[in-house]
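These notes are about the structure you will find just below.
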Amino acid sequence: MARFVSVFISAAHRRVISLIVWLVAFAAVLALVGWFALDQAGRSMTYEARSTADHFVRLRTNLLSTFDVMHANLTAEPCSPAFQEQLRRIAYLPDGLNEFLYAPGGRARCSANVAAFDGAVDLGEPDIGRQGERGIVMWVDRDLSFVGLTGERGTIALNEPFAAIVPPQEAGFRGPDWMSMQAVLVAEDGNWWHRSGRPGIYTRLIADGGGLADGKMRVISCDAGGMHCVVVEGDLRALLAQYKGLVALALLAAAIIATLATLQTSALIARYWSFEARFRRHLDGKSIVCAYQPVMELDTGEITGCEVLARWRDIDDRVVFPDRFLNVIERHDMTRRFTELVAQRACDELSEHLPAGKRLQVNFNIFPCDLDSDSLARIFSGFTSQPDRFDVVLEIIESDEIPPNAQREIEALRRLGIKTYIDDFGTGYSNMQNLAALSVDGVKLDRAFAMAPDNTVMAKMLRHAVEMIEATGRVMVVEGVETAERLALLRGMQARVDFVQGYFISRPLDIAAFVAFMTPQPVSLAERKRKAGLGVVAA
Ligand SMILES: Nc1nc2c(ncn2[C@@H]2O[C@@H]3COP(=O)(O)O[C@H]4[C@@H](O)[C@H](n5cnc6c(=O)[nH]c(N)nc65)O[C@@H]4COP(=O)(O)O[C@H]3[C@H]2O)c(=O)[nH]1
């Protein structure tokens, strides 16, 4: 899971995601345009196939109505002169058919042109036997010399006992260049005969089952009776070549749409997976990590307490430091909830792991805006309900101005057994005026003083800052002690520093390392550090 979400969090991966989104959007738009173009091409091919098939529909209608006329009008004795007369009259009808036979059982006895044959002409086995409602029988592409049309071929259709000769049909096809057509005569048993157009198309249609294959698309349209069919084949490569300009335009449109979609999606992803959004979505008891930085009594060298420092475990499992999330907490009014989660986690860990009989002062950072004794009493009740194990100190951090009701709340907290310190004194809002106005229990000198390199102004001011705090009579903690020399300097001062904290004593530790660091005293600092060496939470 952590691996998966890191894909969305890291900027490098986001670029890859953007590229993927672009490609997918581009392909999707092209697919959409392609589908639309194919649909349109298919429609226009179907239209052309139907228009061409109309010719055969008309032919079939003429044939059937001619048979109707023959059955109604040929009343004379078959093949008699009167019959021949009736037959000739029908042959003059303007229906494209003009040779008729009397051929009961497939044996031609007379025709419109050749009166009676010298004996019946046996047409033989029909190519198509009794097809459709009217039971029409057909002899396809027969030699017509027996009716005097030497060298000609035609199809004979028989509707017992009359037959008509259907001359070869040339269906006019008016489709565009990228289409070609074949007209076929298809029997119900699947046998078929080429009628006109480009041979081979129907064979390919049968092989491919219609639709799209090899860059070609085929559609079929048959006449109502199903005898004649027109297959139209569209060559899509030829179509693309014909509309190069439109293709270029479609590609450009797809690229523009894909770019817009990518911008939108990337912005959405960036917003959804931004640190701020992640923090707000996933801040809970499990994601809070507590680090404990030991606080040492300067006189005795004894570790008497710790400062609880919060970190947050991001969803990709990386531990994030407060400088990244404190402003998010303040901006979104999450300060109280956050303090509650930290207090809860620290209480669970310390209560479980701290050796029995060991008393500890636990310092927490709180936001000035949360200086409300009722809610703070509830938040830290886990500690105050164990007065023999824990003392609670709340360090009011330097985020915004101290609220006007601060004094009243500080006193109320003191009555509940909770002490307050001013944090990071010497910077920001923590000025002398604040210190004089508020009856806080202690003051923590900003780490910038103790950490300042030798001979800098801040380093020189360390002594004066310490003397100034001493003058207020409050408990004094100096943090940021990084070297033995600074520790010695603080020890050697005339003014009294009560507690020290800093990397020289210990970096912030996870609970296991912190408990190891708290080994029964007296043990040298070096020995304690060696024991706590594992599981250090980087500061
Ligand atoms: N270079 C150096 N640094 C040292 C040394 N000793 C301690 N530090 C660092 O100084 C910070 C001390 O905490 P802070 O002044 O209360 O300053 C804290 C505090 O204002 C705030 N913070 C941390 N945890 C919480 C919390 O649970 N609630 C609130 N409201 N604020 C918190 O975030 C600030 C920064 O915390 P961290 O990053 O943990 O940084 C910690 C600690 O790791 C040292 O010798 N050298």
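Reckoned from all heavy atoms, side chains included, excluding hydrogens, waters and symmetry mates. Because the structure is a prediction, the values reported are computed rather than measured. Sequential numbering from 1 along the given sequence is applied to the chain's residues. Whatever order the structure lists them in is the order used to number ligands and atoms, beginning at 1.
- Shown in contact with D424 at under 4.0 Å from a heavy atom are these atoms of ligand 1, numbered in order with element: 15 (O).
- Ring-plane geometry between F26 and W22 is classed as parallel, the angle between the planes falling under 30 degrees on a 0 to 90 degree scale with a further cut at 60.
- The disulfide bond (SG atoms under 2.5 Å apart) search around C347 returns none, not counting sequence neighbours.
- Scanning E482, Q293, Q501, R345 for the heavy atom closest to atom 46 (N) of ligand 1 points to E482.
- Distances below 4.0 Å separate heavy atoms of L309 from the following atoms of ligand 1: 13 (O), 23 (C), 24 (N), 39 (O), 41 (C), 42 (C), 43 (O).
- In summary, the atoms of ligand 1 found under 4.0 Å from a heavy atom of G502, numbered by their order in the structure, are 6 (N), 45 (O).
- Counting only N and O atoms by type, the side chains of E411 and Q407 include a donor and acceptor under 3.5 Å apart.
- Near F338, the atoms of ligand 1 lying under 4.0 angstrom from a non-hydrogen atom of the residue are 26 (C), 27 (O), 28 (N).
- No close placement of the F338 and W312 rings is indicated, their centers lying 6.0 Å or farther apart.
- For the pair K444 and ligand 1, no heavy-atom separation below 4.0 Å is found.
- Under 4.0 Å from ligand 1, the heavy atoms of I397 that appear belong solely to its side chain.
- Scanning P322, P508, A346 for the heavy atom closest to atom 35 (C) of ligand 1 points to P322.
- Against a heavy-atom cut-off of under 4.0 Å, L326 is close to the following atoms of ligand 1: 21 (C), 31 (N), 33 (O).
- Judged by the shortest distance from any of its heavy atoms, R447 lies inside the 4.0 Å radius around the atoms of ligand 1.
- Of the polar atoms of A310, at least one N or O is found under 3.5 Å from an N or O of ligand 1, judged by distance alone.
- The environment of CZ in R331 is crowded: more than 12 heavy-atom neighbours from other residues, nucleotides or ligands sit within 6.0 Å.
- Minimum heavy-atom separation, R486 to L462: CD-CD2, 4.3 Å.
- Note on D314 versus R278: salt bridge recorded, some NZ/NE/NH1/NH2 to OD/OE distance being below 4.0 Å.
- Here D423 has side-chain heavy atoms under 4.0 Å from ligand 1, and that is the only part of it that gets that close.
- Within 6.0 Å of atom CG in D284, more than 12 heavy atoms from other residues, nucleotides or ligands are found, so the atom counts as buried in its surroundings.
- Outside the 6.0 Å centre-distance limit, the rings of Y292 and F517 are not counted as a close aromatic pair.
- By the 3.5 Å distance cut-off applied to N or O atoms, R311 is counted among the residues near ligand 1.
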